[in-house]
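In what follows, a structure is listed as structure tokens, so that the remarks can point back to it.
Each chain gets a letter, A, B and so on, in the order the sequences are listed, and its residues count up from 1.
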Protein chains: 2
Amino acid sequence: MLAAEELGYHVNHLARGLMRNESGIVCLIVSEVATPYRSALLGRLTLNLQNAGKVAMLINTDRSDGSVDRALQQALRYRADASIILSGLPDRSITQLCLRNGQRLVLINRDDDQQGPLRINLDDHEAGGRVVSAFVRAGCRRLAFANSEAGTPSLMARERGFVAAASALGMEVIVERHGWTGYEAGSVLGRRMLTAKERPDAVFCATDLLACGFMDVARHQFGLSVPNDLCVAGFDDIEQASWSSYALTTFAQPIADIASRAVDWLSEMPQEDGHAVAQPITLKAEMIWRNSIRAKGGTGNASTVIDGSE
Amino acid sequence: MLAAEELGYHVNHLARGLMRNESGIVCLIVSEVATPYRSALLGRLTLNLQNAGKVAMLINTDRSDGSVDRALQQALRYRADASIILSGLPDRSITQLCLRNGQRLVLINRDDDQQGPLRINLDDHEAGGRVVSAFVRAGCRRLAFANSEAGTPSLMARERGFVAAASALGMEVIVERHGWTGYEAGSVLGRRMLTAKERPDAVFCATDLLACGFMDVARHQFGLSVPNDLCVAGFDDIEQASWSSYALTTFAQPIADIASRAVDWLSEMPQEDGHAVAQPITLKAEMIWRNSIRAKGGTGNASTVIDGSE
DNA sequence: TTGTATGCGTTATCAA
DNA sequence: TTGATAACGCATACAA
């Protein structure tokens with residue numbers, strides 16, 4: 001050991017991987033790395049992987065020019081033991097490719113129906129229902145859902161859950177979708193929905209970023225007060241949601257839990273009976289109450305709700 | 001090729017790396033991945049690396065329990081060809097270790113004085129001076145600088161530049177430092193500096209996150225108007241700086257430029273004459289004018305400045 | 001042009 | 001317990 005230290009010797013993992021047929025490398029396949037939720041999850045995953053003695057290889061799938069495939073090919077060439085996909089990208093071929101090459105696979109918030117990979121999802125659908133209750137308790141009457149056009153399973157589940165719970169109470173929901181899941185899309189949706197004749201008094205945004213954009217437009221361009229004139233809810237609990245300019249009521253992604261579940265599963269002894277089939281995990285998104293939804297009662301009109309008549 | 005496709009064959013980079021004595025792996029050593037500026041840079045770097053046919057290995061240096069060293073050891077074991085350090089962590093031993101093991105090294109915003117690595121820095125010092133001019137033009141008289149206790153070279157350079165330019169005009173600067181470079185520290189600094197007897201009417205925050213926290217406190221807890229009662233400038237031009245709740249005047253990190261310079265240098269044929277000595281690169285931080293600094297003149301008092309009498 | 005042997009740094013196996 | 005040897009998949013040098 002002393003001699004090794006003195007000579008600056010380090011085991012060569014390339015050679016070791018060659019022998020053992022396992023590299024210790026885990027691929028993180030992710031798009032939109034710079035987004036608050038994604039980068040938070042990414043940070044946590046890398047930390048956990050390191051603690052488990054593994055190392056993270058980052059594959060950025062932002063570019064659409066086929067570099068995704070190239071990047072993934074790269075990963076395969078390094079004989080990564082596993083891949084964790086946190087990209088919203090619904091490209092089925094990618095997951096297939098990983099599996100075919102004997103990688104273990106973790107799908108986060110992708111709700112894929114494939115067998116083999118570990119799937120970690122949230123109770124998005126039910127969360128939508130909880131927002132309806134909150135809005136109704138606040139005395140809101142015109143509910144709206146602001147979504148992106150990304151069409152990610154989790155985003156759509158939130159929308160469906162929200163709409164379903166509302167119509168169970170006899171309420172209709174104004175649904176609009178636009179662009180990508182960011183601040184800019186939120187402000188576009190805000191302008192569109194707030195200029196419409198039937199202006200909503202409560203909006204559930206599929207994402208905190210959308211909510212921030214929506215709120216800023218509502219306040220600064222339409223002079224509305226949140227939560228007095230307009231109640232807003234988001235999803236993800238990104239750091240900005242807690243900033244006092246927003247104080248957004250939202251749902252927390254259980255990032256720590258997601259990360260440790262994923263890494264724990266990867267650290268288990270790989271069962272050799274063909275492809276180990278993992279039980280899908282559904283985590284609960286805790287509702288974080290802040291100040292973008294009124295506690296009780298409306299601005300002036302309607303304090304009792306649930307009549308369904310418009 | 002057809003046969004290879006059919007058999008699902010991929011070159012084994014572990015074996016290739018063993019032979020060629022270069023792995024194609026580049027380590028990204030980064031702390032606070034979830035921070036807007038860091039994650040943006042990270043995203044860009046990975047993209048560029050992928051385009052250059054290399055692959056990024058992410059080392060998260062957040063934990064203080066010595067896992068940094070362990071992580072770096074990991075990287076060495078994989079025989080990474082190079083490391084890019086975007087961590088503010090001023091740990092000299094890390095860079096030494098990389099160099100000793102024949103890695104090429106890129107230091108971003110670290111202003112280290114070592115020979116060998118490529119150093120990419122901004123003109124932080126000069127930027128500080130530009131803010132003073134802007135504040136003076138706006139008619140501000142009590143200048144302040146809000147910094148974190150991190151003591152990163154680039155942060156300190158901004159502070160020194162700001163203070164130097166101010167005292168060249170005969171103005172003193174209130175300097176406060178607290179905690180880490182985030183929103184929370186910004187709000188603490190805001191509370192501290194705005195309750196002081198000598199309340200500033202202009203503050204340069206070392207970071208956009210600090211600025212956001214400072215602004216929120218100023219507005220929501222002290223009822224101040226930005227930029228009328230208080231001018232604010234930040235640094236980094238994170239996405240949130242452009243959100244209409246902040247409209248922060250700040251300096252843009254030339255992220256695309258930084259990333260391509262770094263990757264280009266790594267892609268050059270490695271000169272074999274010992275350790276190639278790279279010319280340090282200093283990039284200009286462009287000032288992004290938004291709405292947190294008044295255009296001209298003060299609120300009411302003082303329209304001419306530069307008298308130095310307090 | 002095509003084929004064969006050798007070495008890269010490990011680890012696993014088998015013989016001493 | 002210790003020491004020699006083969007094999008992992010690729011690249012190179014040399015022979016055919």
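The CD1 atom of I238(A) sits 7.0 Å away from atom CG of D236(A), with the distance rounded to the nearest 0.5 Å. Once rounded to the nearest 0.5 Å, the distance linking CD1 of I120(B) with CD1 of I281(B) reads 5.0 Å.
Within the 3.5 Å criterion, the main-chain N or O of S23(A) finds a donor-acceptor partner in the side chain of Y78(B).
With rounding to whole Å, L14(A) atom CG is found 10 Å from dT10(C) atom P. Between the CZ atom of R16(A) and the C1' atom of dA12(C) there is a distance of 13 Å, rounded to whole Å. The separation between N21(A) atom CG and dG9(C) atom P is 20 Å, rounded to whole Å. Rounded to an integer number of Å, the gap from OH of Y78(B) to P of dC8(C) is 22 Å. When the P atom of dT10(C) is taken as reference, atom CD of E22(A) falls 16 Å away, rounded to whole Å. Between the CG atom of N12(A) and the C1' atom of dG9(C) there is a distance of 6 Å, rounded to whole Å.
In the 5' to 3' direction, nucleotides of DNA chain D lying under 4.0 Å from heavy atoms of chain B begin and end at dG9(D) to dA11(D).
Legend: residues meeting ring-ring contact (aromatic ring centres under 6.0 Å, His included) with Y37(B), ordered by chain and number and at least two apart, are absent. Checked against salt bridge (Lys or Arg N to Asp or Glu O under 4.0 Å), R177(A) has the following partners two or more places apart in sequence or in another chain: E159(A).
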Would S154(B) and N109(B) count as a side-chain hydrogen bond (donor to acceptor under 3.5 Å, both in side chains) if you check the C-alpha gap in whole Å, the side-chain angles of each, and the deciding distance to 0.1 Å? CA-CA 6 Å; S154(B) 51; N109(B) 279 338; 5.1 Å; no
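Comparing R20(A) and A15(B) by the nucleotide of DNA chain C whose heavy atom lies nearest to each, the residue mapping closer to the 5' end is A15(B).
An OP1 or OP2 oxygen of dT10(C) is reached within less than 4.0 angstrom by a side-chain nitrogen or oxygen of Y9(A).
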